[in-house]
Amino acid sequence: MAGLARFGVSIEDELLKKFDRLIQQEGYLNRSEAIRDLIRKNLVEKEWGEKGDVAGGIVIVYNHEKRELVNKIIDIQHDFHEIIISSQHVHLDKQNCLEVIIVKGEAKRIGKLADTLHSLKGIKHCTLARATTGKEL
Ligand code: NI
């Protein structure tokens, strides 16, 4: 495990009060863990703008009774097979399906897959959770 370093931070009173309120709402027990998470979040965001592998998940919701749409979703996933690790399909009710597509690869390619799915007519929901392979953190 890496050693811990301590450092001092100068911050305006008002900004610190807002920060404390925010991290209290989010359930942090102390500022250190909140600041560490902020740093990690920023590093992950930076990873998405650089070369190298990132990982994440795409969540889509759609009506499976629209057969043409289902075929398109399958075709698209085959077109992007090299970045798709796995997918899980859940039948939410009689019509609606939720699918989580786990992806790993180049950020640009993952973004392209998410955009392609998002722009399909009939997709009710599409979100991309930008995560990390964890190697740089
Ligand atoms: Ni289904």
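None of these values were measured; they are calculated from a predicted model.
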Query raised in the report: Cluster question for you: counting only ILVMFWY and a side-chain heavy-atom cut-off of under 4.5 Å, with indirect links fine, are I123 and L92 together?
Result: no
Requested in this report: Before giving the answer on side chain to side chain contact (heavy atoms under 4.5 Å, CB included), spell out for K104 and T133 the whole-Å C-alpha distance, their side-chain angles and the decisive distance to 0.1 Å.
Outcome: CA-CA 8 Å; K104 179 173 171 272; T133 61; 4.0 Å; yes
Query - Cluster link V100 to L113, ILVMFWY, side chain under 4.5 Å - result: no
Query - Side chain proximity check, C97 to V61, heavy atoms < 4.5 angstrom - result: no
Query raised in the report: Can you tell me if CD on E68 sees more than 12 non-hydrogen neighbours from other groups inside 6.0 Å?
Result: no
Report task. Taking only Lys NZ, Arg NE, NH1 and NH2, and the carboxylate oxygens of Asp or Glu, determine whether K94 and E65 approach each other closer than 4.0 Å. Result -> no
Query raised in the report: With side chains defined as the heavy atoms from C-beta onward, is the minimum distance between I84 and I102 less than 4.5 Å?
Result: no
Query raised in the report: Taking the side chain as C-beta and beyond, is there a heavy-atom pair between I83 and E106 under 4.5 Å?
Result: no
Requested in this report: Give a yes-or-no answer on whether the side chains of E47 and T132 include a donor-acceptor pair shorter than 3.5 Å.
Outcome: yes
**Report entry** Evaluation steps, side chain to side chain donor-acceptor pair (under 3.5 Å), between K124 and N63
**Finding:** CA-CA 8 Å; K124 294 181 177 183; N63 181 341; over 6 Å; no
Query - Student check: side-chain heavy atoms of I101 and Q77 closer than 4.5 Å - result: yes
Report task. Flag yes if more than 12 heavy atoms outside I11 fall under 6.0 Å of its CD1 atom; otherwise flag no. Result -> yes
Query raised in the report: I76, V103: one ILVMFWY side-chain cluster at the under-4.5 Å cut-off?
Result: yes
Query raised in the report: Does the D37 side chain pair with the main chain of R40, one donor and one acceptor, at a distance under 3.5 Å?
Result: no
Requested in this report: Check for a donor-acceptor pair, side chain of W48 on one end and backbone N or O of G111 on the other, with a separation under 3.5 Å.
Outcome: no
Query raised in the report: Between K18 and E14, is there a salt bridge with N-O shorter than 4.0 Å?
Result: no
Query - CA sep, side-chain torsions, deciding dist, call: R109, E82, side chain to side chain contact (heavy atoms under 4.5 Å, CB included) - result: CA-CA 10 Å; R109 185 84 176 133; E82 83 283 2; 2.6 Å; yes
Query raised in the report: Side chains of T116 and F80: does their closest heavy-atom pair fall under 4.5 Å?
Result: yes
Report task. Given side chain to side chain contact (heavy atoms under 4.5 Å, CB included), test I73 with Y62 step by step and report yes or no. Result -> CA-CA 10 Å; I73 291 169; Y62 59 92; 3.6 Å; yes
**Report entry** Criterion side chain to side chain contact (heavy atoms under 4.5 Å, CB included) on R31 and D20, from CA distance to verdict
**Finding:** CA-CA 8 Å; R31 288 175 187 151; D20 283 343; 2.8 Å; yes
Report task. Determine, using the 4.5 Å side-chain heavy-atom cutoff (strictly less than), whether L98 and I85 are members of one ILVMFWY cluster. Result -> yes
Query raised in the report: By side-chain contact (heavy atoms from CB on, under 4.5 Å), which residues pair with I74, not counting sequence neighbours?
Result: V70, H78
Query raised in the report: Sequence neighbours excluded, which residues qualify as side-chain contact (heavy atoms from CB on, under 4.5 Å) partners of L38?
Result: F19
Query raised in the report: Are any non-hydrogen side-chain atoms of L120 and I60 less than 4.5 angstrom apart?
Result: no
Report task. Inspect the surroundings of CD in Q88 and state if more than 12 heavy atoms from other residues, nucleotides or ligands are less than 6.0 Å away. Result -> no
Query raised in the report: Do other residues, nucleotides or ligands put more than 12 heavy atoms under 6.0 Å from Q95 CD?
Result: yes
Query - Transitive ILVMFWY side-chain link L137 to V54, under 4.5 Å - result: yes
Report task. Could you tell me whether D13 atom CG has more than 12 heavy atoms of other residues or ligands within 6.0 Å of it? Result -> no
Query raised in the report: With a 4.5 Å heavy-atom cut-off, do L43 and E136 have their side chains touching?
Result: no
**Report entry** For T127, all residues meeting side-chain contact (heavy atoms from CB on, under 4.5 Å), sequence neighbours excluded
**Finding:** V59, H125
**Report entry** Residue pair K51 / K108, side-chain heavy-atom distance below 4.5 Å
**Finding:** no
